[in-house]
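None of the values given here were measured: they were computed from a predicted structure.
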Amino acid sequence: MDFSAILLVFSVFNGYVYATSGHESCGTKGDIVFLLDNSGSIAEHDFKMMLSFVKDVVKKFKLSTTQVQVGLETFEVGVKTEFTLSQHTSIEDVLKAVDTVSYVGGGSTNTGDALEHIRKKSFSTASGHRRGAPKLAIVVTDGVSSYKNRTKNQAKLARDSGITLMAVGVGKGTDQQELQDIASDPDSKYLFHIKTFVGLKMIESTLAAATCTKLQGLASDCGKKGAADIVFLLDSSGSVGKENFEKMKDFTKEIIDEFTIGSNAVQFGIVIFSTPVTGAFPLNKYRDSTQLKKAISTIQFQNGETHTGKALEYLRLHSFSSKEGARSDSNIPKIAIVITDGHSTYKDKTLEHAEKLKEQGVEIYSIGVGSKVDEDELLKMASNKNMFRVDTFTALAHLQPLLLRQVCTAPNSCLGKSDVVFLLDSSCSVGKDNFQKLKRFVSDVTYNLYIDKNGVQMGVETYECKVHTNFELKRYHNKVKMQNAINNIEYKPGGTNTGDAIKHMWSRSFSSEYGKRENVRKLGIVITDGDSKSKAKTFYEAHKARENGVTMLAIGVGKMNHEELKGIANGTDYLFTTKNYDSLTDLTKSVIKLVCQGICFPALVIRGTLICSMVGYVIKTFYILFQFEQQEDFNVSFNFCLNKPSLLGESCLGN
């Protein structure tokens with residue numbers, strides 16, 4: 001089992017990894033329907049960008065009657081089926097069909113009817129939906145719907161029917177609350193918002209990765225190897241009710257089905273809570289999934305108040321003790337999954353005991369069900385913002401794949417960390433179009449990193465005569481939000497004052513105030529296309545940056561002064577040049593490799609098979625020779641650490 005993520009050139013969503021060739025090996029089974037706004041507020045050239053976006057996303061998948069199927073609907077006053085799920089079975093045919101879609105650009109934005117249409121017709125067997133195949137709809141719109149309440153209600157009905165909804169809002173005319181009402185939970189995974197239709201290009205890979213991750217069930221290799229101690233904490237208070245408690249139990253059993261159970265694999269315990277807290281069974285009670293599920297079936301619904309705090313205290317004092325089977329090995333993750341339908345009776349006690357449990361090394365996942373939960377409490381209770389929301393207990397089933405992927409990539413005690421600041425030249429010589437390409441390059445690098453407060457932190461500064469902090473290191477620990485922020489950076493032309501910019505980087509951007517962490521590698525990445533205002537100052541400030549522990553990487557675009565780049569960079573290994581902004585993408589892998597430099601690879605999981613770090617040097621050689629490129633259907637993920645011994649005690653592999 002993989003409990004973290006590699007920071008290399010693999011397709012990632014929110015830090016979780018599949019090794020593919022541009023997602024082309026995402027050939028799992030799933031039904032995807034695109035729902036495109038074709039109303040009066042959409043200009044024809046913007047609609048064409050939407051169609052181009054659809055084509056680019058579709059290219060990431062393998063299409064066939066046994067793998068991924070794609071349908072397309074457009075909507076304005078009415079809803080039009082452009083083609084159904086079963087109509088086209090190859091990428092070539094789908095791309096041709098997309099090219100035939102006509103622009104309407106008239107009428108109102110009847111999103112509610114469109115959502116009803118996909119629930120009743122698009123995902124029907126008559127339209128080609130396959131029983132058991134995941135259902136995913138991608139809604140792209142630029143405005144507020146004509147009937148907001150109907151949109152909200154139909155979105156809920158769609159989600160309750162098993163459809164995962166991704167919402168993509170474009171422009172300033174969208175309503176953030178309405179997008180949230182449409183998107184499946186959590187919003188950080190299923191809601192995208194960009195300023196212009198041009199920005200669709202920047203999210204296509206992220207959205208494709210999210211879609212692929214969802215369709216793969218997220219757990220195909222998840223729990224088949226490796227070890228973890230996992231305890232479910234189930235709310236059995238009066239507001240839940242017996243029927244919903246049974247649904248909670250069913251959800252728990254479905255999660256357990258994805259893991260190998262045993263004393264050397266994954267152990268599960270169950271605690272139920274209301275006014276009393278009851279340990280249904282400890283971690284070391286059952287050694288196979290059949291026994292586990294039978295035991296869960298016999299758990300009886302209780303009644304009373306919601307004493308979440310007492311339940312968390314019970315976990316700390318009993319469930320994760322050696323007496324109840326918790327293993328002392330610090331490399332075996334300890335995970336608590338709390339499911340509740342309301343705020344706790346004593347919120348302060350809940351948060352107090354949650355913090356104590358985290359201090360003990362337990363990773364907490366909180367799941368809120370219904371409208372009466374306290375989101376603030378759930379978020380503060382959870383580790384690393386591992387908080388989920390669903391509307392009903394029936395909808396818990398739709399959350400299973402996402403939760404599994406999160407749990408299966410839970411960070412353990414060995415986790416790579418880097419603080420990275422990009423310094424982007426925004427001078428007159430760059431120009432607005434090239435600046436867009438520069439932002440896309442930074443977004444592509446971000447896409448391949450494990451963005452987290454316990455992983456990679458990233459800040460972005462732009463400069464011309466002045467230096468502008470777009471966001472600091474501590475601002476974003478969510479990849480989607482960070483990419484949105486990058487997309488929204490404004491171009492501000494001026495002179496090329498690189499020296500002052502580097503000074504700002506080492507003295508402010510890498511300060512505790514901006515989120516710098518102690519004993520964490522600092523990397524500054526300068527991208528520029530022209531000579532600086534003062535070479536002497538640039539060289540001096542780059543020297544000061546290195547003196548202060550910042551590793552400097554320099555990227556020159558066009559006819560840059562090579563000597564100046566050498567003066568900025570830590571050495572030739574940290575110096576790159578490219579002929580223009582279009583070819584910046586050629587440097588993506590190299591930059592990611594340097595960001596990840598110093599991280600060792602103690603464990604490798606290939607198709608669920610754990611290869612321990614005793615073969616680390618073989619893995620490294622394999623990586624150098626083949627770089628895992630073009631390996632079809634080759635899912636790979638890593639545990640990693642930064643400048644520390646590996647999990648089995650070998651020294652780090654170096655660069």
Side-chain angles (χ1 to χ4, degrees), residues 160 185-186 230-256 268-283 292-293 295-320 335-358 362-383 386-400 402-404 406-407:
D160 287 347
D185 290 324
I230 303 175
V231 178
F232 278 94
L233 194 54
L234 308 182
D235 185 348
S236 185
S237 60
S239 58
V240 173
K242 187 174 182 180
E243 183 180 347
N244 285 330
F245 188 72
E246 290 300 315
K247 292 175 182 176
M248 211 187 303
K249 286 161 55 179
D250 289 341
F251 172 69
T252 306
K253 287 186 280 187
E254 288 170 2
I255 295 290
I256 285 168
F268 281 97
I270 303 282
V271 172
I272 57 175
F273 69 97
S274 54
T275 301
V277 177
T278 307
F281 53 82
L283 286 162
L292 256 175
K293 289 189 289 184
I296 292 170
S297 296
T298 64
I299 297 174
Q300 298 297 307
F301 172 66
Q302 295 180 164
N303 212 323
E305 298 178 333
T306 312
H307 285 285
T308 318
K310 286 184 179 179
L312 291 167
E313 182 181 31
Y314 184 95
L315 289 189
R316 180 171 58 85
L317 298 177
H318 302 286
S319 301
F320 287 109
I335 296 168
I337 301 173
V338 184
I339 309 177
T340 180
D341 80 329
H343 56 79
S344 61
T345 308
Y346 302 105
K347 183 175 178 178
D348 57 340
K349 290 293 182 185
T350 297
L351 300 183
E352 175 191 341
H353 290 298
E355 286 306 311
K356 288 182 178 179
L357 198 59
K358 293 174 196 174
V362 177
E363 187 89 359
I364 302 176
Y365 293 79
S366 63
I367 301 174
V369 185
S371 60
K372 295 181 180 179
V373 295
D374 182 336
E375 286 200 11
D376 179 66
E377 181 179 56
L378 290 172
L379 191 59
K380 289 178 179 176
M381 185 197 314
S383 305
N386 293 324
M387 187 269 279
F388 304 86
R389 275 287 311 278
V390 289
D391 293 333
T392 65
F393 281 92
T394 302
L396 275 173
H398 311 153
L399 181 62
Q400 180 216 23
L402 181 61
L403 176 64
L404 279 169
Q406 292 279 70
V407 169

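- Here the OG-CG distance, from Ser239 to Asn244, works out to 9.0 Å after rounding to the nearest 0.5 Å.
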Stepwise, does the side-chain contact (heavy atoms from CB on, under 4.5 Å) test hold for Phe268 with Thr252?
-> CA-CA 10 Å; Phe268 281 97; Thr252 306; over 6 Å; no
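- Closest of all the heavy-atom pairs between Ile337 and Ile335 is CG1-CG2, 4.0 Å.
- Between Thr340 and Thr306, the closest side-chain pair of non-hydrogen atoms falls below 4.5 Å.
- The side chain to side chain contact (heavy atoms under 4.5 Å, CB included) check on Gln302 picks up Ser236, Ile272, Ser274, Pro276, Thr278, with sequence neighbours excluded.
- Shortest non-hydrogen contact noted between Ala336 and Leu357 is CB-CD2, 4.4 Å.
- The side chain to side chain contact (heavy atoms under 4.5 Å, CB included) check on Ser383 picks up Lys358, Glu363, Ile364, Asn386, with sequence neighbours excluded.
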Test log, rule side-chain contact (heavy atoms from CB on, under 4.5 Å), inputs Ile256 and Ile296 = CA-CA 11 Å; Ile256 285 168; Ile296 292 170; 3.3 Å; yes
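- His307 pairs by the side chain to side chain donor-acceptor pair (under 3.5 Å) definition with Glu305, not counting sequence neighbours.
- Annotation: side chain of Ser366 is not in contact with side chain of Glu377 (no heavy-atom distance under 4.5 Å).
- Of all heavy-atom pairs spanning Thr350 and Gly309, the tightest one is OG1-N, 3.2 Å.
- Residues forming a side chain to side chain contact (heavy atoms under 4.5 Å, CB included) with Asn303 (at least two apart in sequence, or on another chain): Phe301.
- Here the closest heavy-atom approach between residue Phe393 and residue Met248 is recorded as CE2-CE, 3.4 Å.
- In this structure, Met381 CE and Lys347 NZ are separated by 9.5 Å, a value rounded to the nearest 0.5 Å.
- The shortest heavy-atom contact between Thr392 and Asp160 is OG1-OD1, 3.8 Å.
- What you find for Glu375 and Arg389 is that their closest heavy atoms are OE2-NH1, 2.5 Å.
- Applying the side chain to side chain contact (heavy atoms under 4.5 Å, CB included) criterion to Lys372, with sequence neighbours excluded, gives no partner residue.
- Formation of a donor-acceptor pair under 3.5 Å by the Asp235 side chain with backbone atoms of Asp341 is found in this model.
- A donor-acceptor contact shorter than 3.5 Å is absent between the side chain of Lys310 and the backbone of Val277.
- At least one side-chain heavy atom of Val338 sits less than 4.5 Å from a side-chain heavy atom of Leu312.
- Between the NZ atom of Lys380 and the CE atom of Met387 there is a distance of 12.0 Å, given to the nearest 0.5 Å.
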Stepwise, does the salt bridge (charged side-chain N to carboxylate O under 4.0 Å, His left out) test hold for Lys242 with Glu246?
-> CA-CA 6 Å; Lys242 187 174 182 180; Glu246 290 300 315; over 6 Å; no
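- In the displayed structure, Lys247 atom NZ is contacted under 6.0 Å by more than 12 heavy atoms of other residues, nucleotides or ligands.
- The line from CD1 of Ile270 to CD1 of Ile230 is 10.5 Å long, rounded to the nearest 0.5 Å.
- Annotation: ring pair (Phe, Tyr, Trp, His ring centres under 6.0 Å) contacts of His318 (sequence neighbours excluded): Tyr314.
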